[in-house]
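What follows is a single structure, written as C-alpha cells, with notes after it.
As the structure is a prediction and not an experimental result, all values here were calculated from the model. Atom set for the values below is all heavy atoms of this structure, side chains included, hydrogens, waters and symmetry mates excluded.
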Amino acid sequence: MTAEDCGKLWGMTADHWLRTVACRPDFPARLSVKPATWRAGEVVAYRNENRPARRGSRQNYAKQG
C-alpha cells in the first residue's frame, strides 16, 4: 500500500498520515522508501489493533434488566 492508500484507509491526507501514523515506532516497516509502500495485511491489522473505541457504539448501551 502507498501512503495515499493508507491515508484513505485512515480518513486523512497522505501527508498527515505519514506525519502522525507511519512514524510511530510500532508501525510496520516499509517495503520501499520511494515510493513508500507497506504490506496491506500489516497496515490493516495495525489499524484494527490501534483503532480508538467508537463513541456511541451500541455495545456501550446494553439494556439493563
Side-chain angles (χ1 to χ4, degrees):
M1 296 181 76
T2 65
E4 186 72 30
D5 298 330
C6 294
K8 287 179 184 176
L9 186 64
W10 261 264
M12 57 182 75
T13 66
D15 184 55
H16 185 70
W17 181 84
L18 285 166
R19 290 183 283 118
T20 59
V21 179
C23 63
R24 294 178 186 166
D26 61 334
F27 193 75
R30 292 180 184 190
L31 294 176
S32 63
V33 177
K34 288 196 177 194
T37 57
W38 293 263
R39 284 187 178 93
E42 292 177 357
V43 170
V44 171
Y46 182 88
R47 187 206 51 183
N48 292 343
E49 292 168 8
N50 294 281
R51 183 181 287 183
R54 294 178 67 186
R55 292 183 291 171
S57 67
R58 291 179 179 243
Q59 51 191 299
N60 292 338
Y61 297 101
K63 289 184 180 180
Q64 298 202 9

Open item on the list: Which heavy atom of His16 sits nearest to which heavy atom of Thr20, and what is that distance?
Closed with: O-OG1, 2.7 Å
Open item on the list: Quick check on Arg39: does its CZ atom have over 12 non-hydrogen neighbours (other residues, nucleotides or ligands) under 6.0 Å away?
Closed with: no
Task: Heavy-atom closest pair, residues Glu42 and Pro28 - done: OE1-CB, 3.4 Å
Task: side chain to side chain donor-acceptor pair (under 3.5 Å) against Asp26, all qualifying residues, sequence neighbours excluded - done: Tyr46
Please list every donor-acceptor pair under 3.5 Å in which a side-chain atom of residues 1-9 meets a protein atom from a residue at least two apart or in another chain.
from	atom 1	to	atom 2	distance (Å)
Thr2	OG1	Glu4	N	3.4
Thr2	OG1	Asp5	N	3.1
Thr2	OG1	Asp5	OD2	3.1
Asp5	OD2	Thr2	N	3.1

Open item on the list: Is any side-chain heavy atom of Val44 closer than 4.5 Å to one of Trp38?
Closed with: no
